[in-house]
Every structure is written in structure tokens, then in C-alpha cells.
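Data block below; observations after.
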Amino acid sequence: MHITHDPENDTAYVRLVAHVETGSAVRQVTVPGPGGETDLILDFDAAGRLLGVEVVGARAGLTPETLARAGT
């Protein structure tokens, strides 16, 4: 698992596989986070496997410790 954070856009990506190839995420499912401050976008491959999760509103949805460990 690898986490990156884009502080300018307040988004984070939690990658669950070693590498997500361009175009391999063929289905995205958006899940609203509690309180309406965060959305989660789940990326799935053609076989239905979860590749990663984009967190929109990362500062509201992730702990400061998690964001501090994330790459950019």
C-alpha cells in the first residue's frame, strides 16, 4: 500500500497494488464520506479488483499522521 497527497488540491490516493497502469482503472465508484466533507473514489480494474482509493477532501478524511507519511 502506498499513499500520495496533493495538498494544493486536498486529495490523496491510496494505492493497493504495486502500480496502477494508465487506463487499468476502468470503473470508478464514488462513495460520499460521513459529514459530506470527503468523497472516496474507488478504482476497479476490468476483473473487478480494487486498485486504489482517491480521497477528495483528504484533510477532513484522513488523519494528520497519515498525511504526514504520504508522498507527494
Side-chain angles (χ1 to χ4, degrees):
M1 182 170 63
H2 180 75
I3 302 172
T4 57
H5 179 226
D6 177 353
E8 184 176 323
N9 293 304
D10 194 25
T11 59
Y13 194 77
V14 181
R15 192 176 68 224
L16 303 175
V17 295
H19 181 69
V20 178
E21 296 289 333
T22 300
S24 63
V26 298
R27 181 169 180 234
Q28 288 77 35
V29 176
T30 301
V31 179
E37 296 182 31
T38 302
D39 284 324
L40 306 173
I41 302 170
L42 311 177
D43 286 340
F44 293 92
D45 68 8
R49 292 178 293 243
L50 182 62
L51 301 173
V53 179
E54 182 175 3
V55 182
V56 180
R59 287 193 270 302
L62 298 172
T63 65
E65 295 82 18
T66 299
L67 292 176
R69 289 192 313 262
T72 53

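In what follows, every heavy atom counts, from backbone to side chain, and hydrogens, waters and symmetry copies are set aside.
- Follow the hydrophobic side-chain contacts under 4.5 Å out from V31 and you reach L16 in the same cluster.
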Let me have the donor-acceptor pairs involving side chains of residues 45-56, under 3.5 Å, with sequence neighbours excluded, atom names and distances please.
residue	atom	partner	partner atom	Å
D45	OD1	A47	N	3.0
D45	OD1	G48	N	3.1
D45	OD1	R49	N	2.8
D45	OD2	R49	NE	2.9
D45	OD2	R49	NH2	3.1

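- A chain of hydrophobic side-chain contacts below 4.5 Å, direct or via other Ile, Leu, Val, Met, Phe, Trp or Tyr residues, connects L67 to V14.
- No donor-acceptor pair closer than 3.5 Å links the side chain of R59 to the backbone N or O of L62.
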Side chains of residues 35-44: which donor-acceptor pairs under 3.5 Å do they make with residues two or more places apart or in other chains?
residue	atom	partner	partner atom	Å
T38	OG1	G57	O	3.2
T38	OG1	G61	N	3.3
D43	OD2	Y13	OH	2.8

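- Counting non-hydrogen atoms of other residues, nucleotides and ligands closer than 6.0 Å to CD of Q28 gives a total above 12.
- Between H5 atom NE2 and T11 atom OG1 the span is 6.5 Å, to the nearest 0.5 Å.
- Sorted by first and then second residue, the salt bridge (Lys or Arg N to Asp or Glu O under 4.0 Å) pairs with a member in residues 20-35 form an empty list; sequence neighbours excluded.
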